[in-house]
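Just follow the structure's listing: the first ligand is 1, and inside any ligand the first atom is 1. Everything quoted here is computed from the prediction, not taken from an experiment.
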Amino acid sequence: MENLLVLTHADETGSALTRASLETVTAGLELATRLSAPLTIGIVATDATSAAAALSSTGARLLAVSGEAFSQSRYATDAAAVEALCRAANATIVLAPGSSRFTRIAAGVAHRLGGFIDTHITALGGAETIEASRWFYRQRIEAVVSRDVRPWFLLLDAGTHAAFAGASSAAKVEEVAVQLPALRTTVSGFRAPQQDQQTIRPDAKMLLVAGAGWTKKQPDGQIHTAEAGELILGFLAATGASLGSSKSLVDQGGEGNSVLPFLTHLNQIGQTGSTPRHAKGLSTCCHGEEPHVVGWRFIADRRAISLDPNCGWTRGKADVVYFADAFTVIAKVNSLPEAAKS
Ligand SMILES: Cc1cc2nc3c(=O)[nH]c(=O)nc-3n(C[C@H](O)[C@H](O)[C@H](O)COP(=O)(O)OP(=O)(O)OC[C@H]3O[C@@H](n4cnc5c(N)ncnc54)[C@H](O)[C@@H]3O)c2cc1C
């Protein structure tokens with residue numbers, strides 16, 4: 001019989017679990033039920049008390065590695081913590097969120113334990129065995145993987161499962177002792193852009209895509225890049241949406257053209273860009289060509305604003321297409337912030 005271990009870690013507060021960790025708990029509960037296998041949840045936190053309380057209703061065995069040494073992400077301490085949790089749980093299957101914190105150490109820990117790892121898992125199926133799904137070749141080929149090697153580490157992509165939310169109550173948690181190696185790295189803190197400067201927001205409900213049309217000549221024969229920038233940032237501020245871009249728009253920066261300064265290649269959606277997961281997407285001033293739209297695979301409700309009635313979005317790629325000037329539409333939406341929020 002398999003021994004299932006779900007690994008979780010705290011967010012920057014040091015005590016509450018990250019959303020991706022709670023999603024992995026849901027995946028672990030589903031798998032444990034299907035396989036009738038015992039489930040252990042391991043917690044890495046500064047203080048595991050409230051995280052354990054939030055998991056009390058799972059009925060799982062709770063293990064924790066806690067203390068000041070684990071308040072920050074650092075390879076040596078995180079790897080030692082996860083190795084100790086795996087050994088204490090005698091785990092054969094280890095599910096972990098594909099967070100930057102665990103992605104960095106999971107392969108190393110799998111190697112220490114003589115196991116195997118697969119990453120970017122989006123679904124777990126199989127009746128008596130475990131079949132893990134992941135996408136290859138820019139989300140075009142879906143593979144279903146099963147392995148005999150144990151322990152088998154599976155890193156789950158965020159947004160593929162609902163976050164676990166159960167009633168919180170005092171829980172019995174077993175503290176696991178960790179033999180730390182000599183620490184050479186001191187974490188002095190984080191430097192990150194302010195929230196309103198950060199335009200890529202994986203947890204946002206909505207994706208706004210800006211296409212090259214924003215920086216092209218408009219019907220008055222002029223380009224309006226500064227106005228485009230204000231409209232796009234105004235929309236992001238009002239809605240909390242994440243900002244994506246077409247390749248043509250982000251490439252313009254390298255060609256010396258007038259560009260939107262807050263866009264980088266990290267915003268690019270598509271075949272050679274990213275494939276984010278959001279409930280809704282609104283494309284603006286973008287033609288909707290296949291290499292771009294392939295990055296919309298996981299956007300549930302797709303809408304586009306385009307001046308071109310023959311654009312790719314109209315060819316079955318969007319649920320709704322508005323033939324309109326995006327400058328006018330976005331300016332109108334931004335003037336109705338309450339409407340935009342909804
Ligand atoms: C190997 C390969 C990989 C690629 N990978 C990617 C990728 O990962 N991502 C990607 O995006 N592309 C990718 N491309 C490029 C892709 O094929 C397109 O060239 C690109 O997506 C076009 O960007 P766009 O639609 O923003 O620009 P354009 O094709 O220039 O379209 C601009 C649109 O804006 C509209 N418009 C202009 N003004 C307004 C207005 N006021 N209101 C409303 N609409 C307006 C125009 O009607 C037009 O439809 C790839 C291409 C290749 C060959």
> Does the protein place any heavy atom closer than 4.0 Å to atom 4 (C) of ligand 1?
Replying inline: yes
>> I'd like to check which ligand 1 atoms, numbered from 1 as shown, lie under 4.0 Å from a non-hydrogen atom of Gly211.
In response: 26 (O)
> Can you tell me which residue and heavy atom of the protein come closest to atom 1 (C) of ligand 1, and the distance to 0.1 Å?
Replying inline: Gln271 NE2, 4.1 Å
>> Going by a strict under-4.0 Å cutoff (protein heavy atoms only), does atom 20 (C) of ligand 1 have a neighbour on the protein?
In response: yes
> Considering only heavy atoms, does Cys311 approach ligand 1 within less than 4.0 Å through its side chain, its backbone, both, or neither?
Replying inline: neither
> What part of Leu249, side chain from CB on, backbone N/CA/C/O, both or neither, has a heavy atom under 4.0 Å from ligand 1?
Replying inline: neither
> Which heavy atom of the protein is the closest neighbour of atom 44 (N) of ligand 1, given with residue, atom name and distance?
Replying inline: Leu307 N, 3.2 Å
> What residue and heavy atom of the protein are closest to atom 26 (O) of ligand 1, and at what distance?
Replying inline: Ser246 OG, 2.5 Å
> Got the closest protein heavy atom to atom 22 (C) of ligand 1, with its distance?
Replying inline: Ser248 OG, 3.1 Å
> Just distances here: any N/O of Ser245 and N/O of ligand 1 closer than 3.5 Å?
Replying inline: no
>> side-chain hydrogen bond (donor to acceptor under 3.5 Å, both in side chains) for Ser169 and Ser56? Distances and angles first, verdict last.
In response: CA-CA 6 Å; Ser169 62; Ser56 58; 3.0 Å; yes
> If you measure from NE2 on His278 to CG on Asp301, what distance do you get to the nearest 0.5 Å?
Replying inline: 13.5 Å
> Side chains of His161 and Leu156: does their closest heavy-atom pair fall under 4.5 Å?
Replying inline: yes
> Is His287 touching ligand 1 with its side chain, its backbone, both, or neither, if touching means heavy atoms under 4.0 Å apart?
Replying inline: both
> Short list, please: which atoms of ligand 1 are under 4.0 Å from a heavy atom of Gly273?
Replying inline: 8 (O)
>> Which option wins on minimum heavy-atom distance to atom 32 (C) of ligand 1: Cys285, Gly295, Gly312, Pro219?
In response: Cys285
> What do we get for Lys216 next to ligand 1 when only non-hydrogen atoms under 4.0 Å count, side chain, backbone, both or neither?
Replying inline: side chain
>> In the structure I gave you, are the side-chain heavy atoms of Val145 and Trp152 within less than 4.5 Å of one another anywhere?
In response: yes
> Side chains of Ser306 and His287: is there a donor and an acceptor less than 3.5 Å apart?
Replying inline: no
>> I'd like to know whether the aromatic ring centres of Phe298 and Trp135 sit less than 6.0 Å apart in this structure.
In response: yes
> Side chains of Glu30 and Thr26: is there a donor and an acceptor less than 3.5 Å apart?
Replying inline: no
>> At less than 4.0 angstrom from any non-hydrogen atom of Ile269, what atoms of ligand 1 do you find?
In response: 7 (C), 8 (O), 9 (N), 10 (C), 11 (O)
>> Does any part of the side chain of Ser73, heavy atoms only, come nearer than 4.5 Å to the side chain of Asp78, both counted from C-beta?
In response: yes
> Taking only heavy atoms of Asp308, which atoms of ligand 1 are found under 4.0 Å from at least one of them?
Replying inline: 47 (O)
>> Taking the side chain as everything from C-beta on, heavy atoms only, tell me whether Phe164 gets closer than 4.5 Å to Ser57.
In response: yes
> Among protein heavy atoms, which lies nearest atom 16 (C) of ligand 1, and at what distance?
Replying inline: Glu289 OE1, 3.6 Å
> Side-chain contact, heavy-atom cut-off 4.5 Å: Arg19 with Asp11?
Replying inline: no
> Under 3.5 Å between some N or O of ligand 1 and some N or O of Phe327?
Replying inline: no
>> Looking at ligand 1, is there an atom of it that comes within less than 4.0 Å of some heavy atom belonging to Ala324?
In response: yes
>> As an exercise, identify every atom of ligand 1 less than 4.0 angstrom from a heavy atom of Thr272.
In response: 3 (C), 4 (C), 5 (N), 6 (C), 7 (C), 8 (O)
> Take atom CG in Asp148; do more than 12 heavy atoms of anything else shown fall under 6.0 Å from it?
Replying inline: no
> Is the NZ or CZ atom of Arg104 both under 6.0 Å from the centre of the six-membered ring of Phe102 and within 45° of that ring's axis?
Replying inline: no
> In terms of residue, atom name and distance, what is the protein heavy atom nearest to atom 37 (C) of ligand 1?
Replying inline: Gly213 CA, 3.5 Å
> In the protein, which heavy atom is nearest to atom 42 (N) of ligand 1, and how far is it?
Replying inline: Ala326 N, 2.9 Å
> Is it the case that Thr40 and Asn3 place a side-chain donor and acceptor less than 3.5 Å from each other?
Replying inline: no
> Of all the non-hydrogen atoms in the protein, which one sits nearest to atom 7 (C) of ligand 1, and at what distance?
Replying inline: Gln268 NE2, 3.1 Å
> Would a 4.5 Å heavy-atom cut-off, applied to side chains only, mark Ile93 and Leu5 as touching?
Replying inline: no
